[in-house]
Every structure is written in structure tokens, then in C-alpha cells.
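Please read the structure below before turning to the comments.
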Amino acid sequence: MISSNKTKGFTLVELLIVIVVIAILAAISIVAYNGVTNKARDDERATDARNIVNAAAAYNSEKDKWPTDTEIKGFETIKLSKNAKDNIGNAAPTSTAKGKYKYELCKDTNNNNTGAKVTYWKDIVEGNDPHEQVITTGSNC
């Protein structure tokens, strides 16, 4: 006699295969998402550093002197982001203080200010690049 008990459903093996495939896809997407967010943070820091340097150059063009970090914060010709204004200073960025921007004036042999440079932190580095990146303007930097 042939049994007429035809239950419908998935076997345990089929369910396990589906769960494993979903877990693999989730792991891949989490790793990719972390890389994208780190790149976005790096791009934001690079943009802020470029804006600080551009603000210093514009300040020098208008006032014929290179600004201090305090003068850049109050300079309105080039708008800086709140994050950039809040984190400009003399402290170098580190792995625990990645959002800091070290602002320095460049000097010639007579100790005259000739430019400005900004150091910022970059999470994603290619090859042997250091985590600290520098953007400069002016001369002797």
C-alpha cells in the first residue's frame, strides 16, 4: 500500500543551506559597509583640511598676512564646517583623535610666515602612506 501522507515543507538541510547563504551575504555586506564609511570619513577630513588651507590662503590675500588658527575660525570669506572650526589646533591627529586638524604656519630662514599647512588623519592608506596626511599652501612648507 502506498502512503498518501504528502506533507509539504522544507527539509532541515534546505533550511540550513538558506541560513548559511544569508549569513555569508550579511558578512560580506557588513565588511563592505565599514569600508565605505571609513572612506566617507577620510573624504570629509580631506575636504575640511583643504578648506582650512584655502581659508588661510584667502585670508593672506585679503589681509597680507598668514592667519593663526584663531583668526581662521573667525574668517567668513570661506565658510568652514562646524567640525573643522571646532577641531583646528596645534595638536597632531592620532588614532584616538582622528578628527583633529593640526594647523601650522610655515616659515622661511628669516622666521617670516610664508604659508600654512594642515595635518589630518586618514584611516584608509594605500601602500606605505602614513596615516597622517598634509595639505599645504604658500611656500617653504
**OP:** Dump the intermediate steps for salt bridge (charged side-chain N to carboxylate O under 4.0 Å, His left out) on Lys82 and Asp86, then the final yes or no.
**Re:** CA-CA 6 Å; Lys82 181 178 181 342; Asp86 291 345; 2.7 Å; yes

**OP:** Check the pair Ser81 / Asp48 against side chain to side chain donor-acceptor pair (under 3.5 Å), numbers first and verdict last.
**Re:** CA-CA 7 Å; Ser81 69; Asp48 283 344; 3.1 Å; yes

Original post:
Given Glu62 and Thr77, is the side chain to side chain donor-acceptor pair (under 3.5 Å) satisfied, shown in steps?
Top reply: CA-CA 9 Å; Glu62 284 184 19; Thr77 300; 2.8 Å; yes

**OP:** Step by step, work out the side chain to side chain contact (heavy atoms under 4.5 Å, CB included) result for Thr119 and Gln133.
**Re:** CA-CA 6 Å; Thr119 306; Gln133 301 290 309; over 6 Å; no

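Side-chain contacts under 4.5 Å among hydrophobic residues (ILVMFWY), followed directly or transitively, place Val53 together with Ile52, Trp66, Ile72, Leu80, Ile88, Tyr101, Tyr103, Leu105, Val118, Tyr120, Ile135.
The minimum heavy-atom distance between Gly35 and Ile124, with the atom names listed, is O-CD1, 3.8 Å. The two residues Tyr59 and Pro67 make their nearest non-hydrogen contact at CD2-CB, 3.4 Å. Counting all heavy atoms, side chain and backbone alike, Glu76 lies closest to Lys85 at OE2-NZ, 3.8 Å. Contact between Pro93 and Lys100 at its shortest, heavy atoms only, is CB-O, 3.6 Å. Shortest non-hydrogen contact noted between Ala57 and Thr137 is CB-OG1, 3.7 Å. Residues Ser139 and Cys106 come closest through the heavy atom pair O-CB, 3.9 Å.
In this structure, Lys73 NZ and Asn87 CG are separated by 8.5 Å, a value rounded to the nearest 0.5 Å. Rounded to the nearest 0.5 angstrom, Leu16 CG and Leu12 CG are separated by 4.5 Å. In this structure, the separation between CG on Asn60 and NZ on Lys65 is 10.0 Å, given to the nearest 0.5 Å. For the atom pair CG of Asn83 and OG1 of Thr47, the computed distance is 11.5 Å after rounding to the nearest 0.5 Å.
Distance alone, capped at 3.5 Å, is enough to place a donor-acceptor pair between the Asn54 side chain and the Arg50 backbone. Under the 3.5 Å distance criterion, the side-chain polar atoms of His131 are left unmatched by any main-chain donor or acceptor of Trp121. With hydrogens and angles ignored, the 3.5 Å screen pairs no side-chain donor or acceptor of Asn110 with any backbone N or O of Asn112.
Hydrophobic clustering of Ile, Leu, Val, Met, Phe, Trp and Tyr side chains at less than 4.5 Å, counting indirect connections, unites Ile28 with Val20.
For the residue pair Asn34 and Asn38, no side-chain donor N or O sits within less than 3.5 Å of a side-chain acceptor on the partner.
Counting non-hydrogen atoms of neighbouring residues, nucleotides and ligands closer than 6.0 angstrom, the CG atom of Asp64 reaches no more than 12 such neighbours. Within 6.0 Å of atom NZ in Lys107, more than 12 heavy atoms from other residues, nucleotides or ligands are found, so the atom counts as buried in its surroundings.
The pair Asp42-Lys39 fails the salt-bridge criterion, with no side-chain N (NZ, NE, NH1 or NH2) lying under 4.0 Å from an Asp/Glu carboxylate O. Ionic pairing of Asp123 and Arg45 is present here: one or more N-O contacts between side-chain nitrogen and carboxylate oxygen are shorter than 4.0 angstrom.
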